[in-house]
Undergrad: 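One structure coming up, written as structure tokens, with questions to follow.
Computation of the quantities below employed the complete heavy-atom set of this structure, encompassing side-chain atoms and omitting hydrogens, waters and symmetry-equivalent molecules. Just follow the structure's listing: the first ligand is 1, and inside any ligand the first atom is 1.
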Amino acid sequence: MSDCIFCKIAEKEIPSKLVYEDDDILCFHDLEPQAPVHVLIIPKKHIGSLDEAGADDIAVLGALLIKVKAIAASLGLENGYRLVNNCGEDGMQTVKHLHFHLLGKRKMLWPPG
Ligand code: AMP
Ligand code: ZN
């Protein structure tokens, strides 16, 4: 997707503060952190949202979820964390490339706003 900001980050056309990278996924710091630790974890492949993920994406998204604990550990989130996916208009998704927010180092509120 030529006009997708997270595809551009995955292709290194736009800089990011990288936390983790492998062949399929990327993790980088959010530009506007909502917690002392706030990173985004994305599949490198363009998937518009969780709603647009399909059977072809099971392996990559499974690997992404399993990688969360290692990323969390590398960021010192031994006391826990929150993983968030905003999907679609009511989910308030603003960047149309599937991503998970990993937030930590403070107590999270429930319900979210
Ligand atoms: P969402 O509202 O779930 O779509 O989240 C999009 C997130 O992407 C927001 O938390 C933004 O702060 C973040 N964001 C937007 N552009 C960038 C960027 N260039 N680098 C890092 N984070 C970004
Ligand atoms: Zn994209």
Side-chain angles (χ1 to χ4, degrees):
M1 285 278 287
S2 55
D3 61 344
C4 171
I5 190 164
F6 286 179
C7 282
K8 287 182 177 162
I9 286 176
E11 286 156 20
K12 313 285 164 53
E13 289 172 25
I14 292 179
S16 68
K17 279 174 64 185
L18 265 188
V19 171
Y20 174 81
E21 177 172 23
D22 64 26
D23 287 347
D24 296 319
I25 75 176
L26 197 71
C27 175
F28 53 95
H29 287 274
D30 197 290
L31 265 188
E32 294 181 44
Q34 302 300 317
V37 171
H38 183 178
V39 299
L40 301 173
I41 309 172
I42 68 168
K44 287 184 173 175
K45 172 189 172 185
H46 182 85
I47 303 169
S49 74
L50 197 55
D51 239 22
E52 293 175 33
D56 288 352
D57 305 314
I58 289 171
V60 165
L61 295 183
L64 186 157
L65 285 176
I66 296 301
K67 188 54 76 176
V68 168
K69 63 183 171 189
I71 292 172
S74 78
L75 293 167
L77 304 183
E78 59 283 326
N79 211 35
Y81 51 81
R82 181 168 289 173
L83 189 70
V84 174
N85 172 251
N86 296 325
C87 184
E89 196 181 335
D90 280 1
M92 297 295 282
Q93 181 181 2
T94 59
V95 176
K96 310 295 193 238
H97 180 130
L98 175 59
H99 54 280
F100 294 89
H101 299 255
L102 175 62
L103 301 130
K105 289 285 182 195
R106 70 166 167 81
K107 289 270 190 232
M108 299 299 152
L109 302 175
W110 193 263

Undergrad: What does the angle at the Zn ion (ligand 2) come to, between atom SG of C4 and atom SG of C7, rounded to 10°?
TA: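 The two atoms subtend 120° at the Zn ion (ligand 2).
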Undergrad: Please check if any side-chain donor atom of H38 sits under 3.5 Å from a side-chain acceptor atom of H29, or the reverse.
TA: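 Absent: no donor and acceptor within the cut-off.
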Undergrad: For ligand 1, give me the residues whose heavy-atom distance to it is below 4.0 Å, by chain and number please.
TA: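 Contacts of ligand 1 under 4.0 Å: I5, F6, I9, F28, H29, D30, L31, E32, L40, N86, M92, Q93, T94, V95, H99, H101.
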Undergrad: Run H97 and H99 through ring pair (Phe, Tyr, Trp, His ring centres under 6.0 Å) and show every step you take.
TA: CA-CA 6 Å; H97 180 130; H99 54 280; 7.9 Å; no
Undergrad: Taking everything shown except K67 itself, do over 12 heavy atoms lie less than 6.0 Å from its NZ?
TA: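 No - once you tally the heavy atoms of other residues, nucleotides and ligands closer than 6.0 Å, there are 12 at most.
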Undergrad: Using a strict cut-off of less than 4.0 Å between a Lys/Arg side-chain nitrogen and an Asp/Glu carboxylate oxygen, indicate whether K96 and E52 qualify as a salt bridge.
TA: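 Not counted as a salt bridge, because no side-chain N and carboxylate O are separated by less than 4.0 Å.
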Undergrad: In the hydrophobic cluster built from side-chain contacts under 4.5 Å, what are the other members alongside M108?
TA: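 Cluster partners of M108: V84, L103.
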Undergrad: Do other residues, nucleotides or ligands put more than 12 heavy atoms under 6.0 Å from E13 CD?
TA: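 More than 12 heavy atoms, drawn from other residues, nucleotides or ligands, come within 6.0 Å of this atom.
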Undergrad: Rounded to the nearest 10°, what angle sits at the Zn ion (ligand 2) between ND1 of H46 and ND1 of H97?
TA: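 Approximately 110° at the metal, rounded to tens of degrees.
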Undergrad: Closer than 4.0 angstrom, basic N to acidic O: yes or no for K45 and D24?
TA: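 Looking at D24 together with K45, the answer is no, because their closest N to O distance does not fall below 4.0 Å.
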